[in-house]
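Chain A is the first sequence line, chain B the second, and so forth, proteins listed ahead of strands; every chain is numbered from 1. All values derive from a computational prediction rather than experimental measurement.
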Amino acid sequence: MGNIEKKDISMHYDFKEIEKNWQDFWAKNETFKAKNNSDKPKYYVLDMFPYPSGAGLHVGHPLGYIASDIYARYKRHKGFNVLHPQGYDSFGLPAEQYAIQTGQHPAVTTAANIKTYRRQLDQLGFSFDWSREVRTSSPEYYKWTQWIFIQIFNSWYNKDTDKAEDVETLIAKFSADGNANVNAVCDDDIESFSAADWKAFSDVKKQEILLQYRLTYLADTEVNWCPALGTVLANDEIVNGVSERGGHTVIRKKMTQWSMRISAYAQRLLDGLNTVDWPQPLKDSQTNWIGRSQGASAVFNVKDHDEKIDVFTTRPDTIFGVSFMTLAPEHELVSKITTEVQKAEVEAYIEATAKRSERDRMADVKTISGAFTGAYAEHPFTKEPIPIWIGDYVLAGYGTGAVMSVPCGDQRDYDFAKHFNIPIPNIFEGVDISEEAHADKDKTVIANSDFLNGLPYKKAMKLAIYELEKLGQGEGKINYRLRDAVFSRQRYWGEPFPVYYVDGMPQMIEKEFLPIALPEVEKYLPTETGEPPLGNAEVWAWDTVTNTVVNNSEINNSTVFPLELNTMPGWAGSSQYFNRYMDPHNENEIFSKEAIDYWQDVDLYIGGSEHATGHLLYSRFWQKFMFDKGLVPKDEFAKKLINQGMITGTSAFVYKVRFEITQADEFYDRDEVEKFHAELISNNPIFISKNLVDKLLASDNPENFEFLTRKVEGKLNELEDLARKKFPKVEVLRVELDLGKNFLMPLHVKVNYVNASDELDIHSLKTDDEFGEDFEKAIFIGEKGEIIDGKNDVYKVGREVEKMSKSKYNVVNPDAICEEYGADSLRLYEMFLGPLEQSKPWNTAGITGAHGFLKKLWRLYHSGAEGAFAVSEDEPSKDSYKTLHKTIKKVEEDIENFSFNTSVSTFMIAVNELGAQKCSSRKVLEPLAILVSPYAPHIAEELWKQLGHEGSISTVDFPKFEEKYLVESSKEYPVSFNGKMRFKLELPLDLSKDEIEAAVMAHEKTAQQLQGRTPKKVIVVPGKIINIVG
RNA sequence: GCUCGAGUGGUGGAAUUGGUAGACACGUUGGACUUAAAAUCCAAUGGACAUUAGUCCGUACGGGUUCAAGUCCCGUCUCGAGUACCA
């Protein structure tokens, strides 16, 4: 052998060599390391934090990363100091579930997964500043998550200043005036106390009271408990009444949990949406989630009791239509007011509703159920008695958990009243309510309502509130659907709380002793006594003398105390990571003032829309909190946000024909015969090609089936022989095609065995490691109807767009694409597929277009002998200049508009044109390389180097567009007759309207079109179009 | 049910203010090169009729505005996403 010819890199487009070289170069030179100070303006481009899953990336995942990378690279060319970091949201359920099953420590699996992720990200050529990488599961990082938790704990929300303040200011108020004049967001059931009371309270009592005000607090809450996962879930982690992860049942349960008082920020979270450039659907879903509604609270006294029922209503104008009250079954008054007679019924009802899971409750919304308490409330105006019911259509968690039921104006109240035969008084003028409630507000006039008679909705509403306030039995009120967020998880693989307990009261650990590291445990399941997994830790107690974590055996509750056993939820680590990236290795502060003052906020944030009501809401909440504390300069962390669409898969199907065996089975054991048949059929499948499928489905012409039967006769006979050998005593034994209704069975096959023409590689399928055996004896009938044997025919698969998933065998791994076509091709193709925000199907076949483009691009710079690098110093032709500047203009506009798909087309057009022009001028090819560089950075760097430049292309100035190269002297006008384009006419652009009209009318084709008619009108839009009407 | 978003060739998609519908790419068909294949290059490619010149239809469907509508207005249908007893 000896001399294997070493190919000159300049000779052909060797993407493997090029991509590897430049990835090494970038890493070695830290090309994309961002400085925290610069004369350049800053720009912060961020991708949503990835969870490093075990499965690695498929081609759908990098879509957003490619877009953000293009934008980041573009901004560098435009003279910005760009921050483009990446890291891992590495706490999470999958690693823990794996740990439970295998005993493998989640840290080990997580580290391995991160390694795979990193390799996959690196091979795509992203311009991340890896020196800033963070991992939420590393103690250096979660130290600051714990620190933020402490800050939140030490804060309360002052409604007077409308911001979070230190609890010290609250304590000062308590000491001075008690709590009567404190205007705070806090628990509802707070007793009032004077300054003297406060001073007299025990220490524990004071702590208890403060907990009711803190922005994160410990309280008995109705939580969403998921028994299968063994943990509570936040509202956004439940989809359709089951857990988002795994789809497990969720039930309501009362538990002591940490909660975040996000409800304090409801209005500001709503208002902030108007200040950010985020997609409207995302804003809409946050708006819905926060669920602001304006109305009034009204107080109804309970007859023969001291109790009051506080309700929230959006329709105080309908207060005279109240004919009953409904309380949620969980409402605290229920047990107090229920009469002896009704007790049994009410208790039975409460028990029945408590048992139902969230999903059950949601599933039968239509079933009306409830019970009468026997008690009556008093109408604030008429003083009439109103029966009090309970019903599970009233939610304990919304408003006050009680409603004033106005059946004539609310469909749910109406249905409930109908079902239980409760009167339905009509308080609307001229409205028929015999069939359904009248929920319309506009054009509604109130009647039968005392002082509200004759008033329209808006006026009645104001007056009703005024009168309620006068009575001291209500006031105008705004209510939010947004609940406080449960912040405890009964899990191992999450941030430990920096909390220990003294007399049952939570105490924060001082900042200088953080982080409190996750302890080692024997097993990752809850303890036998039902405590969270940290209950298994042996070294999990806090020594207040040494300020260290010590063995549980040392707990004495005087100096050594038990630590918190819950961990923080998944969103804890991702709620401030974007700020930590600004100064990720700072050991003394979460980030320095200089860093945050320089970077300010995220300029562009790209990620999936699935985070709308989770991460993106919690992050905004924490940001606003940090803003209140003066820690960050902006109260919204991301100016612009884009949701990239999903890439779906294009599944491939083969079609199995069913066939049957008819026989007499009286000589043999039935089960045995059936088993044999089943095996015979599954071992000898017959597949028919796509067009035969279409033919058979299109008509019930029996000839098509006969044709098919003839084709497979040989095989059927062979099977019959096998069957006869096995069961010789059977005389009638026939194998034939099943021509019944479902004669076809589509089966997924791996998409990588299908080529661009949808032809199946049968040989590879049959030798597949996983499924080869299933197809070994299979017969494939091809497009022409031939049994495939070598190259006599081809088998075409059917295709269908489905979600990319392992079970559908349509997952495409970027590693394989990079291997065959290179990262630059993959990047271009992903962008070329369609608009970023839209979801679109992946089909590997199309990548040849992007790859072909790169080869053509390469050839432009390699027009020398045998493809050697060659550019000329000659002045480019006018056409080449025009092509270049047209491209600069379009690409710049496209990137600014995030329309990456159209700029790829633009590049293709440019290269096609320059190729046709035989352009090899440096003056065109140099700027072209820069234009392409954000999209296909490796090839651009290589070309830049060959053009004779030192160093990276990445910060070279973006080419400047010059209008003068596009100025034209003439235009090819489309000439339309009655709006239909008939021919084209080249005319100078400096002609006046009249001159254009004259030129067109003089044209022979015009006469031909008009055929002697006189046009009624001639429309001329100079530079655009000519339309002749007549 | 409610709230958004979208319907354009065989496929992904383009069309900037209402102004040449289908750019660009895949696929398909034919051709060149080759012993052959791959690669590459050239040509055609919305449909129907005519196969020279042309004509008609065509952006989910039905109306409307306009010299001109994929684009604007009204109504209908279909699909997708989010949300779901929120008083």
Side-chain angles (χ1 to χ4, degrees), chain A residues 239-241 279-285 287-289 291-293 295 311-315 318 326 361-362 364-366 368 391-395 397-406 409-413 415-416 439 479-482 609-610 612-613 643 645-646 650 755-758 799 801 828-829 832-835 837-850 852-853 855-856 859 890 893 897 899 901-909 912 972-984 1005 1008 1015-1021 1023-1030:
Chain A
V239 176
N240 295 327
Q280 198 54 45
L282 198 157
K283 288 186 183 182
D284 289 347
S285 73
T287 305
N288 289 335
W289 193 262
R292 180 188 202 267
S293 45
V311 301
F312 174 74
T313 176
T314 52
R315 297 292 305 271
T318 64
T326 316
R361 188 162 162 159
M362 283 166 68
D364 56 33
V365 163
K366 296 213 170 66
I368 295 159
D392 70 354
Y393 82 96
V394 175
L395 303 176
Y398 183 74
T400 59
V403 301
M404 57 174 225
S405 302
V406 182
D410 183 291
Q411 195 57 44
R412 292 154 304 173
D413 295 343
D415 294 340
F416 194 87
N479 201 47
Y480 300 92
R481 195 182 78 117
L482 184 68
S609 55
E610 67 273 20
T613 51
N643 288 132
M646 193 177 46
T650 314
N755 72 7
S757 308
D758 292 342
R799 309 225 71 168
V801 173
L828 279 169
Y829 184 53
F832 185 65
L833 281 178
E837 286 105 322
Q838 223 165 279
S839 96
K840 54 236 156 197
W842 175 271
N843 192 344
T844 304
I847 200 173
T848 53
F853 157 74
K855 284 197 223 168
K856 283 193 228 168
R859 235 175 291 137
K890 177 85 173 122
E893 282 170 5
N897 293 319
S899 173
N901 56 325
T902 48
S903 31
V904 179
S905 306
T906 305
F907 288 136
M908 289 173 171
I909 295 168
N912 288 347
E972 194 180 32
Y973 279 94
V975 182
S976 299
F977 290 81
N978 297 317
K980 281 178 187 156
M981 207 278 289
R982 292 303 177 190
F983 64 90
K984 288 172 189 173
K1005 283 191 175 167
Q1008 198 182 340
K1016 289 192 197 116
K1017 207 172 179 185
V1018 178
I1019 312 273
V1020 175
V1021 183
K1024 283 248 156 104
I1025 198 173
I1026 298 156
N1027 191 16
I1028 297 168
V1029 188

- Task: Tell me, please, which residues at least two apart from A/Gln280 pass side chain to side chain contact (heavy atoms under 4.5 Å, CB included).
- Result: A/Lys283, A/Asp284
- Message: Quick check: closest heavy atoms across A/Lys840 and A/Gly834, and the distance to 0.1 Å?
- Response: NZ-O, 3.8 Å
- Query: Looking only at atom C1', what distance separates B/A87 and B/A81, rounded to whole Å?
  - Reply: 27 Å
- Quick one: side-chain hydrogen bond (donor to acceptor under 3.5 Å, both in side chains) partners of A/Arg859, sequence neighbours excluded? none
- Task: Could you check if a side-chain atom of A/Tyr398 sits within less than 4.5 angstrom of a side-chain atom of A/Asn479, using non-hydrogen atoms only?
- Result: yes
- Pairwise side-chain contact, A/Val403 with A/Arg412, heavy-atom cut-off 4.5 Å (strictly under): no
- Shortest side-chain distance from A/Arg481, nucleotide among B/C86, B/G19, B/C26: B/C86
- Task: Identify, with sequence neighbours excluded, every residue that meets side-chain hydrogen bond (donor to acceptor under 3.5 Å, both in side chains) alongside A/Thr902.
- Result: A/Asp894, A/Ser899
- Query: Expressed as a whole number of Å, how far does the P atom of B/C77 sit from that of B/G27?
  - Reply: 40 Å
- How would nucleotides 7-18 of chain B be written as a contact map, 5' to 3', with B for base contact, S for sugar-phosphate-only contact and - for no contact, using protein heavy atoms under 4.0 Å? -----BSS----
- Any donor-acceptor pair under 3.5 Å linking the side chain of A/Asp413 with the backbone of A/Val406? yes
- Task: Please measure how far the P atom in B/U28 lies from the corresponding atom in B/C79, and state the result in whole Å.
- Result: 32 Å
- Item | B/A84 OP1/OP2 closer than 4.0 Å to side-chain N/O of A/Arg412 | no
- Considering only the C1' atoms, how many Å lie between B/C67 and B/G18, rounded to the nearest integer? 12 Å
- Query: Given pairs defined as Watson-Crick or G-U wobble with both distances under 3.5 Å, what dot-bracket annotation applies to RNA chain B, with ( ) intrastrand, [ ] crossing, | other strand and . unpaired?
  - Reply: (((((((..(((......[....)))((((((.......))))))((((....))))..(((((..]....))))))))))))....
- Query: With respect to the phosphate group of B/A87, does any side-chain polar atom (N or O) of A/Ser293 fall under 4.0 Å of OP1 or OP2?
  - Reply: yes
- Nucleotide B/A25, atom P - distance to CZ of A/Phe853 in whole Å: 10 Å
- B/U45 versus B/A53 - spacing of their P atoms, nearest Å: 13 Å
- Query: Quick one: A/Lys856 NZ to B/C41 P, roughly how many Å, whole number?
  - Reply: 6 Å
- Task: Could you check how far CE of A/Met646 sits from C1' of B/G5, rounded to whole Å?
- Result: 14 Å
- Could you tell me whether the side chain of A/Asn897 and the main chain of A/Glu893 form a donor-acceptor pair under 3.5 Å? yes
- Message: What I'd like to find out is whether the side chain of A/Ile1025 reaches to under 4.5 Å of the side chain of A/Met981, using heavy atoms alone.
- Response: no
- What is the nucleic acid contact for A/Asn1027, judged by heavy atoms within less than 4.0 Å: base, sugar-phosphate only, or nothing? base
- Euclidean distance for P, B/A6 against B/C74 (whole angstrom): 15 Å
- Item | N/O donor-acceptor pair under 3.5 Å between A/Arg982 side chain and A/Val975 backbone | no
- Expressed in angstrom and rounded to an integer, what is the separation of A/Phe416 atom CZ from B/C85 atom P? 16 Å
- Between A/Thr650 (side chain) and A/Trp842 (backbone), is there a donor-acceptor pair under 3.5 Å? yes
- In whole angstrom, give me the gap between the P atoms of B/C73 and B/A84. 31 Å
- Query: A/Trp289 CH2 to B/C4 C1': how many Å, rounded?
  - Reply: 17 Å
- For B/G46 and B/U11, measure between their P atoms and round to the nearest Å. 14 Å
- Mind running side chain to side chain contact (heavy atoms under 4.5 Å, CB included) on A/Phe853 and A/Tyr829 for me, showing each step along the way? CA-CA 10 Å; A/Phe853 157 74; A/Tyr829 184 53; over 6 Å; no
- Taking OP1 and OP2 of B/U40, is either one under 4.0 Å from a side-chain nitrogen or oxygen of A/Lys855? yes
- Message: In this structure, how many angstroms lie between the C1' atom of B/U83 and the CG atom of A/Leu482, rounded?
- Response: 15 Å
- Task: Please examine the side chains of A/Tyr393 and A/Ile368, heavy atoms only from C-beta on, and report whether any two atoms are closer than 4.5 Å.
- Result: no
- Task: Provide, to the nearest angstrom, the distance between the CG atom belonging to A/Asn755 and the P atom belonging to B/A38.
- Result: 11 Å
- A/Glu972 atom CD is separated from B/U20 atom C1', nearest whole Å, by 9 Å
- Task: Taking only the side-chain heavy atoms of A/Lys1017 (C-beta and beyond), determine which of B/A87, B/C67, B/U20 contains the nearest atom.
- Result: B/C67
- Message: Over all strands shown, is A/Arg292 touching base, sugar-phosphate only, or nothing at heavy-atom distances under 4.0 angstrom?
- Response: nothing
- Each nucleotide of nucleotides 52-57 of chain B classed B (base within 4.0 Å of a protein heavy atom), S (only sugar-phosphate) or -, in 5' to 3' order, makes ---SSS
- Across the strands shown, which category fits A/Val1021 at heavy-atom distances under 4.0 angstrom: base, sugar-phosphate, nothing? base
- Message: Taking the minimum atom-to-atom distance to the side chain of A/Thr848, which one of B/G19, B/C26, B/C24 wins?
- Response: B/C26
